[in-house]
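Working notes, beginning with the structure itself.
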Amino acid sequence: MTLMPELPEVEVTRQSFAERIEGAQVLSVHVGKPLRWPLQHDVDALSGWRVGVVTRRGKYLWVPLHGPGELAGGLLIHLGMSGSLAFSDRMGALGQHDHFEMLTSRGTLRLTDPRRFGAVVWGDALDAGVPARLLAGLGVEPFDPAFTGEHMHQRLQGRRVSIKQALLAGDIVVGAGNIYACEALFRAGIDPRLAAGRLSRPRCARLAAEVRSVLAQAIALGGSSLKDFKDAHGSQGHFQLSTQVYGREGQPCRTCATPIKRVTQGQRSTFYCPVCQKK
DNA sequence: AAGTGGACCTGCTAGC
DNA sequence: TGCTAGCAGGTCCACT
């Protein structure tokens, strides 16, 4: 099984290696095939640098590095659709789908990503260069107190896209990918096809609460393991066992037994219960 | 400004 | 058994 990299999987991955890698010294860095963007830094120049506290913003991880003197920077990592990170002490040669590897005094951090939609890019700081550009349009963090129903309601004003697509866009709140957007809308009883700008204040409050709770629950369960998602320890998640609608087309709704429907929105599959979720 | 569709790349499964 | 079409966690970019 591979973790499906939405926010919970990225956070579970972060938690699985952040403490172990903090303070480690970089021994060497190796790259495989090109990822989504070029790294934009001489990897050989990073030997001897020290790893700081790994943080997350949306579905990105930031691995800060401290060099000699005033030198500082870091790696912004995204898992794309099929990426996973492993951190362990015993590692063999790079496999066919291993495209980034950082050997450190505490273990080896390795990105495996068959589809190579993922990325590892250099930044002199999180708020400079490429990282700053990539993070610029992101919405609020789901666990930030600023993420309220009022915030969501205000940001949805005038938007004609469906609420499902508005959630996925990530410019209002980050972290809900295809699975969790579907699940949050089911929990909130909202039809995913409803125009975003038409959600009432109470429904926005409900949706904000459900986005937060579904993501929190998924993190607590270790994320979702569809094909082969694992955290950096190699552990699998269990959230997929509790999905109400995602991937359940034709199967009975766990609440009302009506067959779950699948529709296409913005070239992505959406799953919903035609009875429990209302316009 | 907001919305739409194409692009990136590989692997797996269902169906013929 | 073998080939092909369709599908998959994300999100940037060009264009209307």
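Chain letters run A, B, ... following the sequence lines, proteins first and then strands; every chain starts at 1.
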Q. Nearest-Å distance, CG (D171(A)) to C1' (dA1(B))?
A. 12 Å
Q.
Is there a side-chain contact between Q165(A) and the phosphate of dA2(B), meaning an N or O under 4.0 Å from OP1 or OP2?
A. no
**Q.** Nucleotide paired to dA14(C) in any strand shown, Watson-Crick or G-U, under 3.5 Å
**A.** dT4(B)
Q | Nearest-Å distance for atom pair CZ/P, residues R56(A) and dG10(C) | A | 14 Å
Q. Separation of L168(A) atom CG from dG3(B) atom C1', in whole Å?
A. 15 Å
Q) Between dA8(C), dG3(B), dC9(B), which nucleotide has the shortest distance from any of its atoms to the side chain of R116(A)? A) dC9(B)
Q.
Donor-acceptor pair, distance only, cut-off 3.5 Å: does the side chain of E183(A) make one with the backbone of Q244(A)?
A. yes
Q.
On the nucleotide dG10(C), are OP1 or OP2 found under 4.0 Å from the side-chain N or O atoms that H78(A) carries?
A. no
Q.
With rounding to the closest Å, how many angstrom separate the P atoms on dG6(B) and dG6(C)?
A. 14 Å
Q) Checking all strands, does E249(A) fall into the base, sugar-phosphate, or nothing category for heavy-atom contacts under 4.0 angstrom? A) nothing
Q) Starting at CG of L35(A) and ending at P of dT11(C), how long is that distance when rounded to a whole Å? A) 15 Å
Q. Between dG3(B), dG10(C), dC7(C), which nucleotide has the shortest distance from any of its atoms to the side chain of S269(A)?
A. dC7(C)
(Q) Around atom CD of E19(A), are there more than 12 heavy atoms from other residues, nucleotides or ligands closer than 6.0 Å? (A) no
**Q.** Closest to the Y60(A) side chain, choosing from dC7(C), dG3(B), dC12(C)
**A.** dC12(C)
Q) With a non-hydrogen cut-off below 4.0 angstrom, is R268(A) in contact with a base, only sugar-phosphate, or nothing? A) base
**Q.** Among dT4(B), dC13(C), dG11(B), the one nearest P114(A) by side-chain distance
**A.** dG11(B)
Q. To the nearest angstrom, how far is L167(A) atom CG from dG10(C) atom P?
A. 12 Å
Q: Using whole Å, report how far CZ of R160(A) lies from C1' of dT16(C).
A: 14 Å
Q. From the list dT10(B), dG10(C), dG3(B), which nucleotide is the closest neighbour of the side chain of K59(A)?
A. dG10(C)
Q) Of L138(A) and R115(A), whose closest DNA chain C nucleotide lies nearer the 5' terminus? A) R115(A)
Q: May I have the step-by-step check of side-chain contact (heavy atoms from CB on, under 4.5 Å) for R50(A) and V26(A), ending in yes or no?
A: CA-CA 6 Å; R50(A) 291 209 174 265; V26(A) 177; over 6 Å; no
Q: Provide the Watson-Crick or G-U wobble partner of dT1(C), both distances under 3.5 Å; none if there is no partner.
A: none
(Q) Is the shortest side-chain heavy-atom distance between M102(A) and T108(A) below 4.5 Å? (A) no
Q: Starting at atom CG of L134(A), determine the distance to atom C1' of dT11(C), rounded to an integer number of angstrom.
A: 10 Å
Q) R36(A) near the nucleic acid: base, sugar-phosphate alone, or nothing, with a heavy-atom cut-off under 4.0 Å? A) base
Q: In sequence, state the C-alpha distance, the side-chain angles, and the governing distance for F117(A) and R36(A), and then conclude on side-chain contact (heavy atoms from CB on, under 4.5 Å).
A: CA-CA 5 Å; F117(A) 287 173; R36(A) 181 162 189 173; 5.6 Å; no
(Q) Quick one about Q15(A) and E11(A) (side-chain donor to acceptor, distance below 3.5 Å, no hydrogens or angles considered), yes or no? (A) yes
(Q) Would you say the base of dC8(B) stacks on F117(A) (centre-to-centre below 5.5 Å, plane angle below 30°)? (A) yes
Q) Can you tell me how far C1' of dC9(B) sits from CG of D113(A), to the nearest Å? A) 9 Å
Q: Look at the side chain of Q267(A) and decide which nucleotide, out of dG5(B), dT4(B), dC13(C), has an atom nearest to it.
A: dG5(B)
